[in-house]
Amino acid sequence: MKRFETAAYHLHSTKIKHKDGKMRFAFLSDLHGVLHGENNVRLLEAIDAGKPDAILVTGDMYVYRSFVSVMDAYHFLKKLAQKYPVFYSPGNHEQKMAEDQEGSRYVRAYERNLEQAGVYFLHNESFLFETGQEKAQIWGLELPLRFYRKPFSPVLRQEQLNRLLPSGQEDDVKILLAHNPAYAGNYFAWGADLILSGHYHGGVVQLPGGRGLISPQFRPFAPYSHGQIRRDGQSMIVSPGLGEHTVRVRIHNPRQLIFITISR
């Protein structure tokens with residue numbers, strides 16, 4: 001049986017307008033069609049127990065060209081959307097499927113049906129989320145697939161990122177869903193208060209300082225592989241993922257469901 005643990009992060013922001021105001025999110029990444037109990041019942045129960053205001057997804061919920069995993073992800077997300085707002089930024093597996101001649105029609109149907117169910121797909125766009133009296137701009141970044149190239153992905157220039165994502169409203173909490181953590185410096189410079197990423201699966205083996213043994217781009221000891229990174233009042237949280245594919249080894253690297261609370 002696949003196992004996962006829950007992790008909790010508590011962040012503080014002066015952009016929370018009210019003394020007792022807060023926002024609570026469940027953060028999911030890299031499920032890759034893995035089932036945690038029949039129809040992901042154990043994962044759904046754990047999310048309900050955490051009582052989030054919304055769900056944030058940073059992609060790779062299925063495996064490229066695995067149509068069974070697409071359906072498993074679809075049924076899981078549809079159930080989530082019946083209870084919570086779900087904000088979904090694609091990962092490289094969703095992008096590769098969308099650009100595949102056969103897979104593209106599955107992706108169109110997947111997104112269309114999930115949008116009808118209440119899932120918000122963010123392709124280099126944002127949604128203003130409100131809960132109680134608090135607001136957050138939730139942005140979804142979709143980098144071109146060349147930025148996932150193996151073994152050496154290209155440099156991302158800041159002006160390229162700024163063209164993909166306008167600056168937005170600075171008075172609200174600014175959350176960026178960015179699947180690939182390799183460009184963390186660009187994300188911080190863009191001005192997100194909170195950056196959420198995945199993709200690295202914790203680096204197979206988790207090492208101290210947020211590093212992993214190896215990244216999907218075959219970069220050894222890659223930084224930003226898991227955990228929290230802080231910089232000048234900003235935070236980045238990298239999920240080790242809820243599943244995996246191809247390399248199914250994890251050492252000191254549990255799958256994680258992450259809860260994030262932002263308060264004043």
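Residue numbers count from 1 along this sequence.
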Aromatic plane relationship, F127 with F87 - under 30° parallel, 30 to 60° tilted, over 60° perpendicular: tilted
Strictly distance-based, threshold 3.5 Å: is any side-chain N or O of H10 a donor or acceptor partner for the main-chain N or O of I262? no
Set of salt bridge (charged side-chain N to carboxylate O under 4.0 Å, His left out) partners for R65, sequence neighbours left out: D100
Quick one: does Q234's side chain have a donor or acceptor within less than 3.5 Å of a partner on A192's backbone? yes
Return yes if a side-chain donor-acceptor contact under 3.5 Å exists between H179 and D60, otherwise no. yes
Tell me whether K96 at atom NZ has more than 12 heavy atoms from other residues, nucleotides or ligands lying less than 6.0 Å away. yes
Nearest 0.5 Å, what's the CD1-NZ distance between I138 and K174? 13.5 Å
If we only count heavy atoms from C-beta on, is the I16 to K22 side-chain gap below 4.5 Å? no
Starting from the C-alpha separation in whole Å, work towards a yes-or-no answer on side-chain hydrogen bond (donor to acceptor under 3.5 Å, both in side chains) for S153 and Y183. CA-CA 10 Å; S153 52; Y183 301 102; 3.2 Å; yes
Electrostatic pair E134:R24 at N-O distance under 4.0 angstrom: no
The side-chain contact (heavy atoms from CB on, under 4.5 Å) partner of Y62 among V34, L31, V107 is V107
With a 6.0 Å cut-off on ring centres, are Y64 and H245 close enough? no
Specify the closest pair of heavy atoms between G202 and N253, including all atoms of both residues, with the distance to one decimal. CA-OD1, 3.6 Å
Working to the nearest 0.5 angstrom, can you tell me the gap between Y187 OH and I229 CD1? 12.0 Å
Quick one: does R219's side chain have a donor or acceptor within less than 3.5 Å of a partner on K150's backbone? no
S126 OG to L141 CG distance, which is reported to the nearest 0.5 Å: 12.5 Å
Residues that R157 engages under salt bridge (charged side-chain N to carboxylate O under 4.0 Å, His left out), provided they are two or more places apart: E159
Spatial distance of atom CD (E115) from atom OH (Y88) [nearest 0.5 Å]: 11.5 Å
CG-CZ distance between N39 and R42, expressed to the nearest 0.5 angstrom: 12.5 Å
Check: Q95 side chain, L143 main-chain N or O, donor-acceptor pair, under 3.5 Å: yes
Are F67 and Y106 an aromatic pair by the rule of ring centers under 6.0 Å? yes
Worked check of salt bridge (charged side-chain N to carboxylate O under 4.0 Å, His left out) between R250 and E244: CA-CA 9 Å; R250 285 179 176 265; E244 58 281 311; 2.6 Å; yes
Has the side chain of S197 got a donor or acceptor atom that lies under 3.5 Å from a matching backbone atom of A178? yes
What are the two closest heavy atoms between L165 and G140, and how far apart are they? CD2-O, 4.0 Å
Strictly under 6.0 Å, is that where the ring centroids of F4 and H36 end up? yes
Are H123 and E94 close enough that a side-chain donor and a side-chain acceptor fall under 3.5 Å? no
Between K79 and L44 the two heavy atoms that sit nearest each other are CD-CD1, 3.8 Å
Do you know the tightest heavy-atom contact between L257 and L242? N-CD2, 3.8 Å
Please report the closest heavy-atom contact between S69 and G33, naming both atoms and the distance. CB-CA, 3.8 Å
Given 3.5 Å as the limit, does a donor-acceptor pair link the side chain of N180 with the main chain of A182, or not? yes
Side-chain donor-acceptor pair present, S235, Q228, cut-off under 3.5 Å: yes
Heavy-atom pair with the smallest gap, counting every atom of F25 and P52: C-CB, 4.0 Å
Quick one: pull up OH in Y110 and CZ in R112 and give me the separation to the nearest 0.5 Å. 14.0 Å
Under 3.5 Å: donor-acceptor pair, side chain of R231, backbone of G185: no
Is it true that, when you exclude E38 itself, more than 12 heavy atoms of the residues, nucleotides or ligands shown sit nearer than 6.0 Å to its CD? no
Flag side-chain contact, heavy atom, 4.5 Å: Y84 against I47: yes
Under 3.5 Å, is there a donor-acceptor pair between the S239 and S29 side chains? no
Hey, are Q158 and N186 close enough side-chain-wise for a donor-acceptor pair under 3.5 Å? yes
Are the side chain of R264 and the backbone of T14 linked by a donor-acceptor contact shorter than 3.5 Å? yes
With the side chain counted from C-beta on, respond yes when S13 and L11 share a heavy-atom pair under 4.5 Å apart, and no when they do not. no
Does one side chain, of N92 or H199, offer a donor that lies under 3.5 Å from an acceptor on the other? yes
Should the pair D172-K17 be classified as a salt bridge under the 4.0 Å nitrogen-to-oxygen rule? yes
Do F121 and L114 come close enough that some side-chain heavy atom pair is under 4.5 Å? yes
Residues in salt bridge (charged side-chain N to carboxylate O under 4.0 Å, His left out) contact with K83, at least two apart in sequence or another chain: D48
